[in-house]
2 protein chains.
Amino acid sequence: MASSQRTAKRLTIREVAQALGVSTATVSRALHGRGRINPATRTRILAQLERMGYTPNLHAQSLAGKRSSVVALEYLGNVDILADSFLIELARGIQHSLASYHYRLLLNLTGDCEYRRGVLHQWIAGRAIDGVIVVANPCVDTAWMHALSAEGVPTVWIAYDVPHPLPPHTGVVQLNLSAGWREAIEHLNALGHRQFGLIAVDPNDPALEVIQQAIHSVNGQLAHTVFACDDTPSGGYRATLDLLERKPFPSALLARTDLLAFGVAQALHRYGIRLPHDVSLVGHDDLPLTQWMIPPLSSIRIDYLELGQRAVAMLMQLIEQRAPSVAPVCVATRLVVRDSVAPPRPNPKKEVDP
Amino acid sequence: MASSQRTAKRLTIREVAQALGVSTATVSRALHGRGRINPATRTRILAQLERMGYTPNLHAQSLAGKRSSVVALEYLGNVDILADSFLIELARGIQHSLASYHYRLLLNLTGDCEYRRGVLHQWIAGRAIDGVIVVANPCVDTAWMHALSAEGVPTVWIAYDVPHPLPPHTGVVQLNLSAGWREAIEHLNALGHRQFGLIAVDPNDPALEVIQQAIHSVNGQLAHTVFACDDTPSGGYRATLDLLERKPFPSALLARTDLLAFGVAQALHRYGIRLPHDVSLVGHDDLPLTQWMIPPLSSIRIDYLELGQRAVAMLMQLIEQRAPSVAPVCVATRLVVRDSVAPPRPNPKKEVDP
DNA sequence: AGTAGTTGCGTAAACGCTTACGCAGCAGGA
DNA sequence: TCCTGCTGCGTAAGCGTTTACGCAACTACT
């Protein structure tokens, strides 16, 4: 009967217990290897569970065990095109690690930042999640960090900077922007570039200072910084139009994100500025699709698997070991060179050398 | 005390009931508006719930209510770069609609197809999900469709073809490939294109026949079809290299997916074939990033919001109304014209112009 | 042999909610 | 007045686990 399928009774722990003449408590202990149990009994029970094809009811486990084995991934800022890239790569890295802990991932891709926070707090209050991983983009929201801490939810932030002191139950995995940008700028410098242009999004982004320092340390000059209205190709496109009006025009452009770089490349192309012949371009994040740009984009790579693995390991410390605090860790970035960089033109168009 | 936060007791339905001198049953009835309850009592209770800031424990609700308010999104085939595109756009459309039903979405981005199916069946057996949306790519897996049906899980397939008959508790939202491809080919024909080349992935893809028919109905010719090893830019790149060796070289290329088109464009560029001057190119799916290709790609658009909304509405029929079956619906596609198409060269010589 | 400590397991009370059932109270018709 | 039927609500039995507690049985000492 079709509709009886819908309400088909699943095997419960009790039925397995009865089949073996033991109590449900013993079966539960066998299942988790917790508590005092005879190893022989345990293997006997595990074999029976396997044989009968038992699968625990996750809600019952969560209710009685006071944990849900679910974590949420949340990020600051709105999701537009962004969702398709950085966040998804990261989600995948996180999920990969979570799988080994038998945790599930809840990921909200819809609605604006405000709305998503509301949903998240519902989940927390409803005990639907045991922990949260927040992607700070680009800055940590300290107020919200404390709010989450006050709710008692273990939280790991993936961020560029580490606020001090951290509230309880809060960890930070820091993405080391400095490594990648330094490498990129040194590479460009070695090719002969001295004048840099930066397309960024947020004036408070810690990356800005990192980039400036790196440029100064190679005796280069940051000729212009233009800000995009948002972290999208279209933001990058418009910002580049701004940049094109400034003089002198730099020989190397740094796009804060690959998403911006898509728009930068488009704008340059539209104005007949050839990449990398007339200008070099470097992006950040190394999204999978940037190597398919024309020309393929040089970009600063984040190891998403490692990032996810670190964040998850830290979160598990907070959740499972009930660690009250945990030391921040740092994940490096590195340059991936592709065809969008080349030595600068010996003869920059606008300023003719004598 | 920090660690007491972790185990902070949340407000329960009982406490609210006591505060008002009613029973928990009445509060529960007020909360859901189900069962026999005095409207006056109900508003009084709702006010109190609001005032005390009550949030239900989702696990308790799921356990007692025998439903989880979670659905899973699953897809056939492996996730590589694919995850960043079609699937995510769709996930977003689905999530948008699910939100209005207060359902959550579980999305597994990691592991191969086999592994993910295993996980999904665990979730089903563990009562973690009430329904599944499966993206068939490109063909419905009829055996698995029946397997899911036999497990009693309401399932909606997003597919290009509708198998008949459908097993119980199964719905299909069909993506009408014909509409978009027909429009694209007619558009190209109107520009003067007669010779077409197709870059596809799966020989069993229903799209192939649709495309052939459309080409024949405009008296065009499908000069060549090449198959990529997988649905990625790199697959498209290599397939295009194959295509470049064939003669006559078509004046218009059809990429089965935008992801392939990224690789196609790269290959053409590498061989000095200019888009759209030397050849026109149309993709399918209208991924957000394809409009930032150089030149921006003409593509066949899927309305992901509508697709998600239809799939969710259908799934809710199956879950909430316990409908044993539901009629398939169809979602159209349409061409979005950008710079990658132009009239064919008057002199289709592959040789270099003097 | 008596005591103390350990081990393995069963009993039963949670966990926080939903809902079948039944019982008053009341209205309306005979 | 009695019976019937409906309404609004409380009682209590689940839902399927986990786990604190306690009790035998056993070991290892004195």
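Letters A, B, ... are given to chains in the order of the sequence lines, protein chains preceding strands, and every chain is numbered from 1. Worth knowing before you read on, the calculation uses all heavy atoms, side chains too, and leaves out hydrogens, waters and symmetry mates.
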Which part of the nucleic acid, if any, lies within contact of [X], taking any heavy atom under 4.0 Å across all strands shown: a base, the sugar-phosphate backbone alone, or nothing?
| X | answer |
| --- | --- |
| A:S62 | nothing |
| B:G126 | nothing |
| A:I37 | sugar-phosphate |
| B:T12 | sugar-phosphate |

Exercise. Does A:R117 come within less than 4.0 Å of A:D141, counting only side-chain N to carboxylate O?
Worked result: yes
Salt bridge flag under 4.0 Å for residues B:D130 and B:K66: no
Nearest-Å distance, [atom1] ([X]) to [atom2] ([N])?
| X | N | atom1 | atom2 | value |
| --- | --- | --- | --- | --- |
| A:K66 | D:dA20 | NZ | P | 10 Å |
| B:L20 | D:dG8 | CG | P | 18 Å |
| B:L63 | C:dT19 | CG | C1' | 13 Å |
| A:R42 | C:dC9 | CZ | P | 12 Å |
| B:L58 | C:dT18 | CG | P | 10 Å |
| B:I13 | C:dG16 | CD1 | P | 12 Å |
| B:N38 | D:dG8 | CG | C1' | 7 Å |
| A:H59 | C:dC17 | NE2 | P | 15 Å |

Which nucleotide in the set [options] lies at the smallest distance from any side-chain heavy atom of [X]?
| X | options | result |
| --- | --- | --- |
| B:P39 | D:dT18, D:dG8, C:dG16 | D:dG8 |
| A:T26 | C:dG16, C:dC9, D:dT7 | C:dC9 |
| A:A25 | D:dG10, C:dG16, D:dT19 | D:dT19 |
| A:A64 | D:dC15, D:dG8, D:dT17 | D:dT17 |
| A:H32 | D:dT18, C:dT18, C:dC9 | D:dT18 |
| B:R34 | C:dC9, C:dT19, D:dG14 | C:dT19 |
| A:S28 | C:dT18, D:dG8, D:dT19 | D:dT19 |

*Is the backbone N or O of A:R67 less than 3.5 Å from a side-chain atom of A:S62, with the two atoms forming a donor-acceptor pair by type?*
yes
Note to self: With a 4.0 Å limit, can you tell me whether B:Q61 has a side-chain N or O closer than that to the phosphate oxygens OP1/OP2 of C:dG16?
What the structure shows: no
- Message: Is there a side-chain contact between A:T24 and the phosphate of C:dG10, meaning an N or O under 4.0 Å from OP1 or OP2?
- Response: no
For residues A:R92 and A:Q95, is any side-chain donor paired with an opposing acceptor at under 3.5 Å?
no
Discussion item. We want to know whether A:Y103 and A:E320 form a side-chain donor-acceptor pair, criterion being a heavy-atom distance below 3.5 angstrom.
Written reply: yes
Quiz item: Any chance NE2 of A:H96 has more than 12 other-residue heavy atoms, nucleotides or ligands included, within less than 6.0 Å?
Solution: no
Between A:R36 and A:G65, whichever has its closest DNA chain D nucleotide further toward 5' is A:G65
Is it the case that the base of C:dG10 and the side chain of A:R29 share a donor-acceptor contact (distance under 3.5 Å, atom types as modelled)? yes
The residue, B:Y54 or A:S23, whose nearest nucleotide of DNA chain C is more 5′ is A:S23
